[in-house]
Asker: 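One structure is given below, represented as structure tokens, and several questions about it will come after.
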Amino acid sequence: MTNNLIKRTMRATAYPLLIKNLLNAPVVDDPQQQIVYRDQMRFSYAEFRQRVCRLANALSTMGVKPGDTVAVMDWDSHRYLECFYAVPMLGAVLHTVNIRLSPEQILYTIDHAEDDYILVNEEFLPILEQIKGRIDTVKSYILLQDGQQQPETSLSFEGEYEELLDGAADHFDFVDFDENTRATTFYTTGTTGLPKGVYFSHRQLVLHTLGVLAAMGTPAGQGRFHQKDVYMPITPMFHVHAWGFPYVATALGIKQVYPGKYAPDMLLHLLAKEKVTLSHCVPTILHLLMSHPNFAETDLSHWKVLIGGAALPKTMCRTALKKGIDIFSGYGMSETCPVLTIAHVTEEDLNEDEEVEIRCKTGRPMPLVELRVAGENLNEISPDGESVGEILVRAPWLTQGYLKDRRNSEVLWNGGYLHTGDVANRDKQNYVKITDRIKDVIKIGGEWISSLELEDLLCTHPAVTEVAVIGLQDDKWGEKPLALVIKKADIDISEKELLRHIRGFIDKGIISKQVVLLKIQFVEAIDKTSVGKINKRLLREKYQPQ
Ligand code: AMP
């Protein structure tokens, strides 16, 4: 072997899995492909690459260096996408701040992550004004804004984002470094106690991107993510990198649409105008879209939507399918980067009920995900579609632990598997189905009742628009179920009628007899977490009789 060949071989084996490498092919393949921000901005992948370089130059001039932490407080925007790349590509850590947390919790996360710089949308300046005297680590701020007007604030900025980019060179030589370098960090959306930080390396994000590409790109038909798709996220970019899909969409080189702050009319407008074909969201957001007056007239017959973050209710699935939407479930959590499973329909000639059943399952594990549904002693339960256990996982992209929190990290990784805290069954076709969170399962007289199943059954009544079922402590039964129900505006129903509806399922043996203890309470609103999920912990506190 000549010296040159040896050198090349050494270089080949040392190729690190870095986020910058996700950008190589798409920019060359189709440099004119578009990135769109609301009705306000549209530019090509070639310009995107230049803007990433400009941002890297602007950040470096400000003093950002490898190992620093750069935080972003923004709605879903082209700017955020640029930060997804430029910040980690500099060897710095991107902290995606959950702007829906309280100002005190935000302060805690800024402090805990030791943020050095913050890029902040003008809308969130009041939050920073409230806590600014107590932010110790931040050296400077960059202003993000859609308009031109100087905001009223006492904070001073290194500059405005677009102006900084305009003044920076459009080339940057991103150097190689260790693929295990931390790329991102963000905080779980826990509702009590302090938020916990999770973190992911370049290697993990690249492998997660390839894993999702393999899982989403290979189905023969239903739910396939491919090069003719148009992508728009509807789960926030601050929460688990919008499920990692902006990385996947960029690696695919497809048109991407960023909707800013989620407003149902803007989302429906962009879905139609930009001909979006793939999105992901939690059921609450889809519910908002479905309840909007423009929903009926918006053509969504080419839209694929991956539902996660909470179980997809069967009634929602049916309504979406009737509208021509290709709807299906995925599953993951903050700690898992996040995607672990996807519920693609692979069987043909299924009737509607069978299709709905599969689309509403939690899904099959993605390539490289080792998923166990474990009972006692971490042993796998029988895959009979009924026995339940906790989902335990291993995969190359799971957080190694909670940031600066050894005790909780050890609990998370007890026995060498990441403990999800989700209870599920598994069937012979390898579809997993979450039946509850460990903490949300209702134990009536020793029997385990799935709150999710009960919610699904309540939703089959035409008068019900939203429901949450919780267990309340009870001296005699241990726990008793309470359903908090929001009625549809135009249909009335009494508690008795709704209980009769549930009684039908008990009589048919679909749900346990213990459910006769169910109580119904009609409410105007159901409390949600900062990412739009039903906040059962808070509901239990609120509705538990004293
Ligand atoms: P988070 O870390 O806030 O994203 O929440 C993750 C949790 O959401 C998981 O542990 C599950 O309890 C729940 N979750 C996510 N996807 C699904 C799904 N498809 N079905 C049921 N629960 C889900």
Asker: Under the side-chain hydrogen bond (donor to acceptor under 3.5 Å, both in side chains) rule, what do Y258 and Q40 come out as? Steps first, then yes or no, please.
Answerer: CA-CA 10 Å; Y258 287 88; Q40 296 180 19; over 6 Å; no

Asker: If we only count heavy atoms from C-beta on, is the M266 to R38 side-chain gap below 4.5 Å?
Answerer: yes

Asker: By the salt bridge (Lys or Arg N to Asp or Glu O under 4.0 Å) test, which pairs, at least two apart or in different chains, include something from residues 399-421?
Answerer: E114-K404, R406-E410

Asker: Please step through side-chain contact (heavy atoms from CB on, under 4.5 Å) for the pair E158 and L59, ending with a clear verdict.
Answerer: CA-CA 10 Å; E158 200 70 30; L59 292 173; over 6 Å; no

Asker: Would the distance check show the side chain of Q256 and the main-chain N or O of I35 forming a donor-acceptor pair, the cut-off being under 3.5 Å?
Answerer: no

Asker: For S140 and Y117, indicate whether the former's side chain and the latter's backbone hold a donor-acceptor pair under 3.5 Å.
Answerer: no

Asker: Report the residue from E274, H78, E47 that forms a side-chain hydrogen bond (donor to acceptor under 3.5 Å, both in side chains) with R42.
Answerer: E274

Asker: Around atom NE2 of H171, are there more than 12 heavy atoms from other residues, nucleotides or ligands closer than 6.0 Å?
Answerer: no

Asker: Considering residues at least two apart in sequence or located in another chain, which fulfil the salt bridge (charged side-chain N to carboxylate O under 4.0 Å, His left out) criterion with E82?
Answerer: R51

Asker: Between R203 (side chain) and N180 (backbone), is there a donor-acceptor pair under 3.5 Å?
Answerer: no

Asker: Pairs in or reaching into residues 89-106: which pass salt bridge (Lys or Arg N to Asp or Glu O under 4.0 Å), with residues at least two apart or in two chains?
Answerer: E104-R134

Asker: Does the R49 side chain pair with the main chain of L23, one donor and one acceptor, at a distance under 3.5 Å?
Answerer: no

Asker: Could you tell me whether the side chain of E380 and the main chain of A374 form a donor-acceptor pair under 3.5 Å?
Answerer: no

Asker: Go through Y141 and L128 one step at a time and tell me if the side-chain contact (heavy atoms from CB on, under 4.5 Å) criterion holds.
Answerer: CA-CA 11 Å; Y141 298 89; L128 291 185; 3.8 Å; yes

Asker: Spell out, as yes or no, whether a donor-acceptor pair under 3.5 Å connects the side chain of T362 to the backbone of I434.
Answerer: yes

Asker: Among all residues two or more places apart in sequence or in another chain, which pass the ring-ring contact (aromatic ring centres under 6.0 Å, His included) test with Y161?
Answerer: none

Asker: Can you give me the closest heavy-atom contact between A343 and K361, atom names plus distance?
Answerer: CB-O, 3.5 Å

Asker: Under the salt bridge (charged side-chain N to carboxylate O under 4.0 Å, His left out) test, which residues partner K132, sequence neighbours left out?
Answerer: E129

Asker: Go through the structure and list residues passing ring-ring contact (aromatic ring centres under 6.0 Å, His included) with F124, not counting sequence neighbours.
Answerer: W75

Asker: Looking at side-chain heavy atoms only, is the closest gap between F186 and P195 below 4.5 Å?
Answerer: no

Asker: Using the salt bridge (Lys or Arg N to Asp or Glu O under 4.0 Å) rule, collect all pairs that involve residues 59-81, keeping only residues at least two apart or in two chains.
Answerer: K65-D68, D74-R79, R79-D146

Asker: How close do L205 and C337 get, counting heavy atoms only, and between which atoms?
Answerer: CD2-SG, 3.9 Å

Asker: Does anything in residues 80-99 pair up under ring pair (Phe, Tyr, Trp, His ring centres under 6.0 Å), and if so which pairs, sequence neighbours excluded?
Answerer: F48-Y85, Y80-F84, F84-Y247, Y85-Y247, H95-Y187

Asker: Does NZ or CZ of K196 fall inside the cone over Y402's six-membered ring, less than 6.0 Å from its centre and within 45° of the axis?
Answerer: yes

Asker: Using the test salt bridge (charged side-chain N to carboxylate O under 4.0 Å, His left out), find all partners of E370 that sit at least two apart in sequence or belong to another chain.
Answerer: R394

Asker: Over all heavy atoms of both residues, which pair between A214 and P367 is shortest? Give the atoms and the distance, please.
Answerer: CB-CG, 4.0 Å

Asker: Do R359 and D326 sit within salt-bridge range, that is, some charged N less than 4.0 Å from a carboxylate O?
Answerer: yes

Asker: Can you run down the salt bridge (Lys or Arg N to Asp or Glu O under 4.0 Å) pairs that involve residues 223-238, sequence neighbours left out, and say none if there aren't any?
Answerer: D229-K304

Asker: Using a 4.5 Å cut-off on heavy atoms from C-beta on, say whether the side chain of L286 contacts that of I307.
Answerer: yes

Asker: What heavy-atom pair brings D176 and K20 nearest, and what distance separates the two atoms?
Answerer: OD1-NZ, 2.7 Å

Asker: For residues 231-246, tabulate all N or O donor-acceptor pairs below 3.5 Å that involve a side-chain atom, not counting sequence neighbours.
Answerer:
unit_1	atom_1	unit_2	atom_2	d
Y231	OH	H280	NE2	2.7
T235	OG1	H280	ND1	2.7
H241	NE2	T184	OG1	2.9

Asker: Is V230 close to I254 at the side-chain level, that is, under 4.5 Å between some pair of heavy atoms?
Answerer: no

Asker: With a sphere of 6.0 Å drawn around NZ of K273, does it hold more than 12 non-hydrogen atoms of other residues, nucleotides or ligands?
Answerer: yes

Asker: With respect to T96, which candidate in N98, L94, I99 satisfies the side chain to side chain contact (heavy atoms under 4.5 Å, CB included) definition?
Answerer: L94

Asker: Could you work out, with ring-ring contact (aromatic ring centres under 6.0 Å, His included) as the rule, every residue matching Y417, not counting sequence neighbours?
Answerer: none

Asker: Apply side-chain contact (heavy atoms from CB on, under 4.5 Å) to residues E122 and L125 and explain how you reach the verdict.
Answerer: CA-CA 5 Å; E122 60 185 327; L125 290 175; 4.1 Å; yes

Asker: Should the heavy atoms of other residues, nucleotides or ligands under 6.0 Å from NZ of K261 be counted, would the total exceed 12?
Answerer: no

Asker: If you count every heavy atom of other residues, nucleotides or ligands that lies below 6.0 Å from Q227 atom CD, does the total exceed 12?
Answerer: no

Asker: Search all heavy atoms of T69 against all heavy atoms of A113 and return the closest pair with its distance.
Answerer: OG1-O, 3.7 Å

Asker: Output yes when a side-chain donor or acceptor of D527 lies under 3.5 Å from a complementary backbone atom of N535, and no otherwise.
Answerer: no

Asker: Of all the heavy-atom pairs spanning P396 and L368, show the shortest one and how long it is.
Answerer: CD-O, 3.6 Å

